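Numbered from 1 within each chain, the chains take letters A, B, ... in sequence-line order. Values in this document were obtained by computation on a predicted structure and should not be read as measured data.
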There are 2 protein chains.
Amino acid sequence: MNYSQSEENYIKSIYHLQGDSKNVSTNELAEELHTRPASVTDMLKKLKAKKLLHYEKYQGFRLSTEGKKVALSIIRRHRLWEYFLSVKLQFAWDEIHEVAEELEHVSSKKLIDKLDEYLGFPKFDPHGDPIPDQLGKIATTDHILLTELTANQIAEVSSVANQSAAMLDMLKHNNIGIGTRIEVKKKFPFDHSLEIKIRNLPAFTISERLAQNIYVKYVKK
Amino acid sequence: MNYSQSEENYIKSIYHLQGDSKNVSTNELAEELHTRPASVTDMLKKLKAKKLLHYEKYQGFRLSTEGKKVALSIIRRHRLWEYFLSVKLQFAWDEIHEVAEELEHVSSKKLIDKLDEYLGFPKFDPHGDPIPDQLGKIATTDHILLTELTANQIAEVSSVANQSAAMLDMLKHNNIGIGTRIEVKKKFPFDHSLEIKIRNLPAFTISERLAQNIYVKYVKK
DNA sequence: AAAAATATTTAGACAAATCTAAAAAATTAA
DNA sequence: TTAATTTTTTAGATTTGTCTAAATATTTTT
């Protein structure tokens with residue numbers, strides 16, 4: 001089956017919002033897609049008719065098994081293109097997302113499988129997110145949120161939850177990238193901000209909001 | 001300026017049909033695009049409003065300078081992707097066109113310029129057609145139509161004018177590809193078909209129609 | 001040069017994806 | 001447990017790209 005760009009964007013966003021199968025609300029999805037709730041309702045009816053999601057009026061919705069399969073194949077395309085842009089074309093880390101958003105809608109399965117092979121079947125994209133294989137399987141990671149990291153423990157940035165330009169710009173400004181080693185020096189109870197240290201730079205503070213979007217994994221000292 | 005996929009397909013087809021600036025007709029374009037003449041008229045009005053073509057009711061049409069510029073940038077994208085699919089992803093010669101038709105609509109200029117660099121600034125695509133550079137310049141070739149080739153003269157296939165699946169299938173069936181050396185043994189005045197010889201294969205006949213779609217260039221014996 | 005044939009355009013409709021404004025349902029607060 | 005607020009849906013429009021059928025121009029034939 002083939003889906004329109006618009007349908008694919010809805011499916012992908014629902015997949016990200018529902019996480020481990022919580023129900024997604026109309027307003028939430030409208031905000032994520034920068035569209036209006038009324039437009040979301042319209043599209044939901046269509047996706048329901050195609051059996052891609054479970055949806056009852058006023059009750060929220062969630063992808064069906066088939067819907068998840070479709071979502072994973074879109075995510076596979078997106079992340080393979082990100083890997084290609086970064087590793088082969090030398091795009092900067094914060095430039096790849098936007099271009100991959102366009103490339104992901106090219107639907108030839110053969111193209112994607114050949115690209116995967118050409119790239120050497122990478123398991124993670126440049127943001128540290130896992131790339132689903134042909135069957136939709138994704139490698140598991142042991143990462144945790146930076147907010148959950150114990151003080152004075154060193155960990156390595158493994159992925160970011162949010163890839164908005166504003167977020168990526170902020171990370172760049174703070175010299176944080178995939179693989180950056182971070183140590184939490186202090187947690188401030190007042191606003192839950194964190195003082196962190198990177199390499200030999202002076203320690204500095206980041207907001208809880210930002211820290212909630214950074215995944216890290218422990219690393220031997 | 002950015003154009004829709006549909007607009008881009010019209011511009012590209014007009015460019016191919018007009019050749020060295022002959023006027024294109026509504027029916028001709030409708031057939032090329034597998035659409036209806038009425039739809040063509042609708043789109044022409046839109047493209048005229050965007051100053052991409054010269055068009056007066058019932059008089060045929062032709063791309064403006066700006067329109068040609070746009071056409072060349074679409075062709076650039078298409079041929080670079082064809083080159084990538086063929087050289088990097090090892091797609092067969094007759095499979096690349098269809099996928100490139102989709103990829104060509106991804107519009108990031110940076111993507112295309114980086115891809116060009118990554119591929120080593122190729123001058124010709126796998127079908128032998130020239131790839132426009134960033135400025136729209138295309139390398140010139142000295143190829144002629146196979147129908148124009150003198151008998152008993154050896155020449156090498158340099159490109160094909162038509163990339164329909166039917167055409168590519170026929171070429172494959174006849175063992176003709178870019179670089180194949182062909183000698184015209186005889187021209188039949190009755191239906192203008194040609195008897196040709198390839199390598200050590202027995203000579204065989206091809207139609208005028210097919211020969212009109214094959215470009216060759218002379219080669220020292 | 002009129003008639004016939006062909007090419008092109010207009011008029012009006014339709015599907016997809018979106019929107020605004022208003023109605024209806026669900027949730028939260030008083 | 002009503003009232004107020006928020007969320008969601010419906011109704012009706014709009015834009016883009018397409019279509020069919022009919023009208024109008026142009027070209028070709030007789």
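- Between A/Glu7 and A/Lys12 there is no salt bridge, since none of the side-chain N atoms of the basic residue sits less than 4.0 Å from a carboxylate O of the acidic one.
- With rounding to whole Å, B/Lys50 atom NZ is found 12 Å from D/dT15 atom C1'.
- With sequence neighbours excluded, the residues that form a side-chain hydrogen bond (donor to acceptor under 3.5 Å, both in side chains) with B/Asp116 are B/Arg76.
- If A/Glu7 and B/Val40 are placed on DNA chain C by their nearest nucleotide, the residue sitting closer to the 5' end is B/Val40.
- If you check residues 24-31 of chain B against DNA chain C, the residues with a heavy atom closer than 4.0 Å are B/Ser25, B/Thr26, B/Asn27, listed by number.
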- Would you give a per-nucleotide map of nucleotides 18-27 of chain C, 5' to 3', where B means the base has a protein non-hydrogen atom under 4.0 Å away, S means only the sugar-phosphate does, and - means neither? BBB---BSS-
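- A/Glu56 has its CD atom 14 Å from the C1' atom of D/dT8, to the nearest Å.
- In summary, B/Glu104 and B/Arg79 do not engage in a salt bridge, as defined by a charged side-chain N under 4.0 Å from a carboxylate O.
- B/Tyr55 has no side-chain polar atom (N or O) that falls below the 4.0 Å cut-off from OP1 or OP2 of C/dT8.
- Annotation: cation-pi geometry not satisfied between A/Lys88 and A/Tyr83 (NZ/CZ under 6.0 angstrom from ring centroid, within 45° of ring axis).
- A salt bridge links A/Lys110 to B/Glu95: one of the charged nitrogens lies within less than 4.0 Å of a carboxylate oxygen.
- B/Lys45 has its NZ atom 7 Å from the C1' atom of C/dT10, to the nearest Å.
- In this entry the distance linking CD of A/Glu8 with C1' of C/dA16 reads 15 Å, nearest Å.
- Side-chain atoms of B/His54 and B/Asn23 form no donor-acceptor pair, as typed in the model, at a separation below 3.5 Å.
- Note on B/Arg77 versus B/Glu101: no salt bridge recorded, every NZ/NE/NH1/NH2 to OD/OE distance being 4.0 Å or above.
- Ion pair A/Lys48/A/Glu56 flagged as a salt bridge, since at least one NZ, NE, NH1 or NH2 atom sits closer than 4.0 Å to an Asp/Glu carboxylate oxygen.
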